Visitor: 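Handing you this structure, nothing more for now.
These figures come from a predicted structure and were not determined experimentally.
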Amino acid sequence: VTFRYNGHSYGNIHIRDNSSAKVIARNLSFVIVHLYENASVTAEQYDNAKIVLVKHSTNVHIAAPSNIKVREEYNYLK
């Protein structure tokens, strides 16, 4: 699955259970991607877009350049 965001758009995506996705953000868009249980994501951001990847599990796969912020929050089950 590929998610594309452009312009002044906002996205909140949850990926879980061995699923994979590609996220492309352009211009001034802002996207938060939550990753759970063996999820896989490929992220690309261009222009002034911003993507934040939130890891809720230690076993996720992320393919993204170093300018994309990755947060770790492992307490979602508490």
Side-chain angles (χ1 to χ4, degrees):
V1 175
T2 301
F3 297 94
R4 299 175 193 269
Y5 293 88
N6 197 2
H8 294 277
S9 58
Y10 169 80
N12 191 11
I13 304 168
H14 294 261
I15 305 170
R16 63 183 317 130
D17 299 330
N18 299 313
S19 299
S20 62
K22 182 174 185 177
V23 179
I24 302 170
R26 295 183 183 274
N27 298 318
L28 296 172
S29 58
F30 179 75
V31 183
I32 300 173
V33 182
H34 297 270
L35 302 162
Y36 308 87
E37 296 101 25
N38 297 315
S40 176
V41 68
T42 302
E44 301 174 9
Q45 67 183 20
Y46 302 98
D47 307 318
N48 291 323
K50 181 154 176 100
I51 297 176
V52 177
L53 303 174
V54 183
K55 293 171 57 175
H56 293 285
S57 176
T58 56
N59 55 344
V60 298
H61 181 265
I62 296 174
S66 61
N67 63 339
I68 293 180
K69 185 176 181 180
V70 178
R71 294 180 55 195
E72 296 179 351
E73 292 184 10
Y74 301 127
N75 60 354
Y76 77 100
L77 291 175
K78 294 181 181 177

Visitor: Name each donor-acceptor pair under 3.5 Å that joins a side chain in residues 20-33 to protein atoms two or more places apart or in another chain, with its distance.
Guide:
residue, atom, partner, partner atom, Å
K22, NZ, E44, OE2, 3.4
N27, ND2, N6, OD1, 2.3
S29, OG, R26, N, 3.4
S29, OG, R26, O, 2.9

Visitor: What closest approach, in Å, do Y74 and H56 show between heavy atoms, and which atom pair accounts for it?
Guide: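 That closest heavy-atom pairing would be CD2-C, 3.8 Å.
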Visitor: Run the ring pair (Phe, Tyr, Trp, His ring centres under 6.0 Å) test against Y5 and tell me which residues pass, sequence neighbours left out.
Guide: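 Once residues adjacent in sequence are excluded, Y5 has no partner under the ring pair (Phe, Tyr, Trp, His ring centres under 6.0 Å) criterion.
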Visitor: Hydrophobic clustering (ILVMFWY, side-chain heavy atoms < 4.5 Å, transitive) - are F3 and V54 grouped together?
Guide: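 Not linked; separate clusters.
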Visitor: Could you list the residues that satisfy side chain to side chain donor-acceptor pair (under 3.5 Å) with H61, not counting sequence neighbours?
Guide: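 Once residues adjacent in sequence are excluded, H61 has no partner under the side chain to side chain donor-acceptor pair (under 3.5 Å) criterion.
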Visitor: Quick check: do K69 and R71 have side-chain heavy atoms less than 4.5 Å from each other?
Guide: yes
Visitor: Y10 and I15: same hydrophobic cluster, using ILVMFWY side-chain contacts below 4.5 Å?
Guide: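 Shared cluster, no.
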Visitor: Looking at residues at least two apart in the chain, or sitting in another chain, which of them share a side chain to side chain donor-acceptor pair (under 3.5 Å) with N59?
Guide: N38, S57
Visitor: Heavy atoms only: give me the nearest I51-I68 pair and the separation to one decimal.
Guide: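 I51 and I68 have their closest heavy atoms at O-CG2, 3.4 Å.
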Visitor: Using the rule that Ile, Leu, Val, Met, Phe, Trp and Tyr join whenever any side-chain heavy atoms are under 4.5 Å apart, tell me whether L53 and V1 fall into a single cluster.
Guide: yes
Visitor: D17: what forms a side-chain contact (heavy atoms from CB on, under 4.5 Å) with it, not counting sequence neighbours?
Guide: E37
Visitor: Quick one: list whatever passes salt bridge (charged side-chain N to carboxylate O under 4.0 Å, His left out) with R4, sequence neighbours left out.
Guide: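 With sequence neighbours excluded, R4 shows a salt bridge (charged side-chain N to carboxylate O under 4.0 Å, His left out) to no residue whatsoever.
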Visitor: Starting from Y36, can I reach V41 by hopping between I/L/V/M/F/W/Y residues whose side chains sit under 4.5 Å apart?
Guide: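 Result: no, two separate clusters.
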Visitor: Could you name each residue pair satisfying salt bridge (Lys or Arg N to Asp or Glu O under 4.0 Å) that touches residues 51-63, not counting sequence neighbours?
Guide: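 Every salt bridge (Lys or Arg N to Asp or Glu O under 4.0 Å) pair that includes a residue of residues 51-63, provided the two are not neighbours, is K55-E72.
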